[in-house]
2 protein chains.
Amino acid sequence: MTKRKVSDAVIRRLPKYYRYLDELHENGITRISSHQLADEMGFTASQIRQDLNCFGGFGQQGYGYGVEKLRSEISAILGLQDMRGAILIGAGNLGRALLGNFDFESCGFRMLAAFDVASEVVGKKVNGVDVLALDSLDEFIKAHSAELAVLTMPGDETREIAKRLEALGVKGVWNFTSRELRADETNMCVETVHFTESLMALCYKVNEEGKA
Amino acid sequence: MTKRKVSDAVIRRLPKYYRYLDELHENGITRISSHQLADEMGFTASQIRQDLNCFGGFGQQGYGYGVEKLRSEISAILGLQDMRGAILIGAGNLGRALLGNFDFESCGFRMLAAFDVASEVVGKKVNGVDVLALDSLDEFIKAHSAELAVLTMPGDETREIAKRLEALGVKGVWNFTSRELRADETNMCVETVHFTESLMALCYKVNEEGKA
DNA sequence: TAGATTGTTAATCGATTAACAATC
DNA sequence: TAGATTGTTAATCGATTAACAATC
């Protein structure tokens, strides 16, 4: 009940473990030690054991970890089986790219519908997902209970839309817009994918490389 | 010369400072103290001063920081003015979305060309950028000296393409594919944008929220 | 049983925060 | 000059790594 909060650093490594174990599983490998896993992933064995023991003892002394067991444990920790409802707002280039290519289901979400204001996309389907008018957002969420919203519309609408979504009971926001959503602006869980910041950081590193 | 390495945490905050200062600048604000900036950005004043002093003393006691001066200092630190050549590999949905919408120039790069294997896109232009045959990659880079490669092709080609790019003198890779590139696999600077890991982490948080 | 490897506690390291003298 | 705010050193906090007893 009163388990202490798991640090963000640990949470961000869980999907990496999951992906790696999934690969091992597909290659027919059934057991692995923290040392092997650490070598392959570029972590330390200590760190892997510490991370996993935030959630429970999944291994066995003298043996290691069962690949399939650990994979499914991590899947459960992340909640990948729950298949929560999701919607996407802004069916522009990026929105359509995500609808067309991204596997939401493997991340625990089912894409229910997309929304946009542009009359030339409203009414169309992208990869089987209906694009509806943004006006019908409230009505739709009330009827279908979406817990995640993917924001791929222009950045100047971020705050207003976020407010609306929170009022409608949306729990999480996957934010691709240029506007940040800080903890004091919303109670929803927010994960921001910041292309600009990512590339600027890379620019710095390339720069440094040149100097060294 | 022998300045000690700036930590990754600091580097990742630089673009945030830059963006914020840019906004202040556009709103006509000319000076700001570390405290004001900290309040607005949700950091501590100490941290901001520590971060900036990795690179030099840009402020003035009793006054604070000149917005425009600090903005341009950070821009220089990040190398945003240098306009290095960039190419993009994989002109699918995501690649075209980036070519069409993303402002590479504000991140210090000029997009020179895109490459793909599919005959239906080769020869077309996306937002003024030519899509060329992947066969002509080596020739093109030798002629135009691209320092950055944006990888938006399928994940199973990541390693092979990376090897090829490194041999051609490319310095940095902005990796959108599902395959990681670890430090022991390449000497290039790598920045990976991992959609799946990002959404899985959010899935965990939404999950936790429900339990609390 | 002996060997291996975990779970967990202790030590180390690095990053963040606090404090304050320097100075505009 | 007095007030404000930096640059910088010291203290704290948290995350990573090392060590080792428990145990399969």
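Letters A, B, ... mirror the listed sequences (proteins, then strands); counts begin at 1. Note: hydrogens, waters and symmetry copies are ignored here, and every other heavy atom, side chains too, is used.
- Remark: P of D:dG7 and CG of B:Leu70 are 10 Å apart, rounded to the nearest angstrom.
- In this structure, B:Arg31 atom CZ and D:dT5 atom C1' are separated by 9 Å, rounded to whole Å.
- No donor-acceptor pair closer than 3.5 Å links the side chain of B:Asp82 to the backbone N or O of B:Arg84.
- When each of A:Ala9 and B:Gly57 is assigned the nucleotide of DNA chain D bearing its nearest heavy atom, the one mapping closer to the 5' terminus is B:Gly57.
- Look at A:Ser34 and you'll find a side-chain N or O under 4.0 angstrom from OP1 or OP2 of C:dT6.
- Look at B:Tyr65 and you won't find any side-chain N or O under 4.0 angstrom from OP1 or OP2 of D:dA4.
- For B:Arg13, no side-chain nitrogen or oxygen approaches OP1 or OP2 of C:dA15 to under 4.0 Å.
- Between the side chain of B:Glu185 and the main chain of B:Arg159, no donor-acceptor pair closer than 3.5 Å is present.
- Across all strands shown, C:dA19 forms a Watson-Crick or G-U wobble pair with D:dT8, both key distances being under 3.5 Å.
- Here the side chain of A:Thr152 pairs a donor or acceptor atom with the backbone of A:Ile89 at under 3.5 angstrom.
- For A:Leu52 and C:dT6, the CG to P distance is 10 Å, given to the nearest whole Å.
- Looking at A:Lys142 and A:Leu168, their side chains come closer than 4.5 Å, going by heavy atoms from C-beta outward.
- The pair A:Glu208-A:Lys211 meets the salt-bridge criterion, since a charged nitrogen lies less than 4.0 angstrom from a carboxylate oxygen.
- Among the atoms of the strands shown, only primed sugar atoms or phosphate atoms (P, OP1, OP2) are found under 4.0 Å from some heavy atom of A:Phe58.
- Residues of residues 44-51 of chain B that place a heavy atom closer than 4.0 Å to DNA chain C, in numerical order, are B:Thr44, B:Ser46, B:Gln47, B:Arg49, B:Gln50.
- Partner assigned to C:dC13 is D:dG14, using Watson-Crick or G-U wobble distances below 3.5 angstrom.
- Protein atom CG of B:Asp8 is 16 Å distant from nucleotide atom P of D:dA15, rounded to whole Å.
- Ring orientation note: the planes of A:Phe140 and A:His144 are close to parallel, at an angle under 30° on the 30°/60° scale.
- The closest donor-acceptor contact from the side chain of A:Arg31 to the backbone of A:Gly64 lies at 3.5 Å or more, if one exists at all.
- In this structure, the CD1 atom of B:Ile32 is 13 Å from the C1' atom of D:dT5, given to the nearest Å.
- Between A:Phe43 atom CZ and D:dA18 atom C1' the separation is 18 Å, expressed in whole Å.
- Atom pair A:Arg12:CZ and D:dA15:P shows a separation of 13 Å (rounding to whole Å applied).
- B:His35 has its NE2 atom 12 Å from the P atom of D:dA4, to the nearest Å.
- Ionic pairing of B:Glu26 and B:Arg71 is not present here: no N-O contact between side-chain nitrogen and carboxylate oxygen is shorter than 4.0 angstrom.
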Strictly under 3.5 Å: I want the nitrogen or oxygen pairs between protein and nucleotides 22-24 of chain D, one per line.
| residue | atom | partner | partner atom | Å |
| --- | --- | --- | --- | --- |
| D:dC24 | O3' | A:Gln60 | NE2 | 3.2 |
| D:dC24 | O2 | A:Gln61 | O | 3.3 |

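- At least one donor-acceptor pair under 3.5 Å links the side chain of B:Asn175 to the backbone N or O of B:Arg179.
- Side-chain rings of A:Phe109 and A:Phe102 stay apart, their centers remaining 6.0 Å or farther from each other.
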